[in-house]
Amino acid sequence: MSQKIRFAVIGAGVIAPLHARAIQQHPEAELVAFVDSVKEKAEKLAKEYGVSEVYGDIRELLQESDVDAVCICLPSGLHSEVTIAAAEAGKHVLCEKPLDITLASMDAMIAACRSHKVKLATVFQKRTTELAIQVRKAVQEGKLGKLVLGDAYLKYYRSPEYYKSADWRGTWAVDGGGALMNQGVHGIDIIRWIMGDVDSVFAYAAPLVRDIEVEDTAVAVVRYKNGAFGVIQGTTSVNPGQEPRFEIHGEHGSIIYGDSGIKLWKTIDGEEPPAAAASSKAEGSNDPQAISNDGHYILIDDLIHAIREDRDPLISGEEARKAVELILAIYESARTGREVKL
């Protein structure tokens, strides 16, 4: 392996520039290739970022390039196939959310990376914010006492034009779902990360506004394994989109926060909110491109160190699988009208 970790970005869509910038900003990383089935899109990004290697097929990349790791920025339902091919070629993987859209696909990609001894990391950049880290720390330290409620309000807006911008958007086959699987998966990962694993769900989900196969509006009631209850609301139908909001309540206090900061931090010990978690900014509620690449940089850095130190990444495949498992249970409950146990 060269001194720098050599990266290729697979997929030249909306999210690819966040990966490209994060790689080029990192002193131990080198961006060497772009790949896209529409080669002209890869060529455009390669020119923009000063990259010489361009491929129209991942098999060409894996046969011809000496990259160490790949960033997978493809539609969700294509993640597993490309991850497995990369793992078999000995390449480490940073996969965009969601890990994939079925349990079988996720299990296959996790198994492939384990068996070929490459790292599988996943992009859930909301976990990297100081704000989320401090909230989880407070919960884990018992500052709220016994947990009672853990709610996630994930009210995004996506226009009809957004869904028409690519034929895979809003489809079960490739997008794997709608407001929850594509947009809300970040918040679902966060609330589960803070509250702990979910035992069961009961849900409604449907396309109430958009002309798509999948849901643009979903509401779920969850029971966590620790006994607490919660509500998850996810949309791409509300206008304007709202800042994602998380509400955690326990017998000894409550924390409510969003991307822009703490709304409420009250515990019986009178502790003040951490200064480091006082403010951030709302991202992506209305515009999927209005996202900072700070979190992607942290996750690129983490993958590099996971490779060098031979450890699991911050968000492993097994960890990333849990959010998708919960979303799939919500979809099953909405289809069947029954409570679903995970």
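Taking 4.5 Å as the limit, some side-chain heavy atom of Met181 sits within range of a side-chain heavy atom of Tyr331. Annotation: side chain of Tyr55 is not in contact with side chain of Lys39 (no heavy-atom distance under 4.5 Å). Looking only at side-chain heavy atoms (C-beta outward), Leu103 and Arg321 come within less than 4.5 Å of each other. Within the 4.5 Å cutoff, no side-chain heavy atoms of Ile298 are placed close to those of Gln125. Contact of the Leu99 side chain with the His79 side chain is not registered, since no non-hydrogen atoms from C-beta on lie closer than 4.5 Å. Contact check for Arg308 versus Glu28: side-chain heavy atoms found under the 4.5 Å cut-off. Side-chain contact check for Val118 versus Lys91: every heavy-atom pair is 4.5 Å or farther apart. In this structure, the side chains of Glu96 and Thr122 stay at 4.5 Å or more apart for every pair of heavy atoms.
Just one residue in the list Leu78, Val93, Leu74 forms a side chain to side chain contact (heavy atoms under 4.5 Å, CB included) with Ile10, and that residue is Leu74.
With hydrogens and angles left out, the side-chain atoms of Ser254 and His249 include a donor and acceptor closer than 3.5 Å. For Asn226 and Lys146, the side-chain atoms include no donor-acceptor pair closer than 3.5 Å. Side-chain contact annotation: His19 with Gln24, donor-acceptor N/O pair under 3.5 Å absent.
With Asp36 contributing its side chain and Ala42 its backbone, the two residues share no donor-acceptor pair below 3.5 Å. Judged by distance alone, with hydrogens and angles left aside, the side-chain atoms of Ser237 form no donor-acceptor pair with the main-chain N or O of Thr217 at under 3.5 Å. Remark: the backbone N or O of Ile255 is not paired with any side-chain donor or acceptor of Glu247 at under 3.5 angstrom. Of the possible donor and acceptor atoms, one in the side chain of Ser80 sits under 3.5 Å from a partner among the backbone N and O of Ser105. A side-chain donor-acceptor contact under 3.5 Å links Ser115 to the backbone of Ala111. A donor-acceptor pair under 3.5 Å links the side-chain atoms of Arg136 to the main chain of Trp193, judged by distance alone. Between the side chain of Asp216 and the backbone N or O of Thr235, no donor-acceptor pair lies under 3.5 Å. In this structure a side-chain-to-backbone donor-acceptor pair under 3.5 Å is missing from Asp199 to Tyr224. Side chain of Ser333 to main chain of Arg338: a donor-acceptor pair is present (N/O by atom type, distance under 3.5 Å, no hydrogens or angles).
Going from atom CD of Glu325 over to atom CD1 of Ile188 covers 12.5 Å, rounded to the nearest 0.5 Å. Note that CG of Leu303 is 9.5 Å distant from NE2 of His26, once rounded to the nearest 0.5 Å. In this structure, CD1 on Ile304 lies 6.0 Å from CD1 on Ile5, to the nearest 0.5 angstrom. Between the CG atom in Leu144 and the CG atom in Leu149 there is a gap of 11.5 Å [rounded to 0.5 Å]. Rounded to the nearest 0.5 Å, atoms OG1 (Thr171) and CZ (Arg169) are 10.5 Å apart. Between atom CG of residue Leu154 and atom CD1 of residue Ile190 there is a gap of 10.5 Å, rounded to the nearest 0.5 Å.
Using a 4.0 Å cut-off between charged nitrogen and carboxylate oxygen, Asp302 and Arg311 count as a salt-bridge pair. Using a cutoff of 4.0 Å between basic side-chain nitrogens and carboxylate oxygens, Arg21 and Asp294 are not scored as salt-bridged. The residues Asp189 and Arg127 are annotated as salt-bridged, a charged nitrogen and a carboxylate oxygen being separated by less than 4.0 angstrom. Note on Asp310 versus Lys117: no salt bridge recorded, every NZ/NE/NH1/NH2 to OD/OE distance being 4.0 Å or above. At a threshold of 4.0 Å, the pair Arg59-Glu64 does not count as salt-bridged, since none of the basic side-chain nitrogens sits closer than that to a carboxylate oxygen. The pair Arg192-Asp197 meets the salt-bridge criterion, since a charged nitrogen lies less than 4.0 angstrom from a carboxylate oxygen. We find that Arg245 and Glu243 are not joined by a salt bridge, their nearest charged nitrogen and carboxylate oxygen being 4.0 Å or further apart. Under the 4.0 Å criterion applied to side-chain N and carboxylate O atoms, Glu318 and Arg114 are assigned as salt-bridge partners.
Around atom NZ of Lys44, no more than 12 heavy atoms belonging to other residues, nucleotides or ligands sit under 6.0 Å away.
Contact detail for Asp301 and His305: the closest heavy-atom pair is O-ND1, 2.9 Å. When every heavy atom of Pro98 is checked against every heavy atom of Val185, the shortest pair comes out as CB-CG2, 4.3 Å. Between Ile300 and Cys71 the shortest heavy-atom distance is CD1-SG, 3.9 Å. Nearest heavy-atom pair across Leu61 and Ala33 is CD1-CB, 3.9 Å. Minimum heavy-atom separation, Asp151 to Gly230: OD1-CA, 3.4 Å. Nearest approach of Ala89 to Leu62, heavy atoms of both residues: CB-CD2, 4.0 Å.
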(message) Using the rule given for side chain to side chain contact (heavy atoms under 4.5 Å, CB included), can you reason through Tyr204 versus Ile330, listing the C-alpha separation, both sets of side-chain angles and the distance that settles it, and then say yes or no?
(response) CA-CA 8 Å; Tyr204 295 98; Ile330 291 171; over 6 Å; no

(request) In sequence, state the C-alpha distance, the side-chain angles, and the governing distance for Thr236 and Gln183, and then conclude on side chain to side chain donor-acceptor pair (under 3.5 Å). (result) CA-CA 8 Å; Thr236 51; Gln183 288 76 28; 5.1 Å; no

(message) side chain to side chain contact (heavy atoms under 4.5 Å, CB included) for Lys143 and Val139? Distances and angles first, verdict last.
(response) CA-CA 6 Å; Lys143 297 291 180 65; Val139 170; over 6 Å; no

(message) Would Lys119 and Asp312 count as a salt bridge (Lys or Arg N to Asp or Glu O under 4.0 Å) here? Give the steps.
(response) CA-CA 7 Å; Lys119 308 304 177 187; Asp312 277 348; 5.3 Å; no

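Between Phe124 and His186, the angle of the ring planes goes over 60°, which puts this pair in the perpendicular group of the 30/60° scheme.
Following chains of ILVMFWY side-chain contacts shorter than 4.5 Å, one can reach Leu180 starting from Trp172, so the two form part of one hydrophobic cluster. The hydrophobic cluster containing Val222 does not contain Val219, counting ILVMFWY residues as joined when their side-chain heavy atoms lie under 4.5 angstrom apart, directly or transitively.
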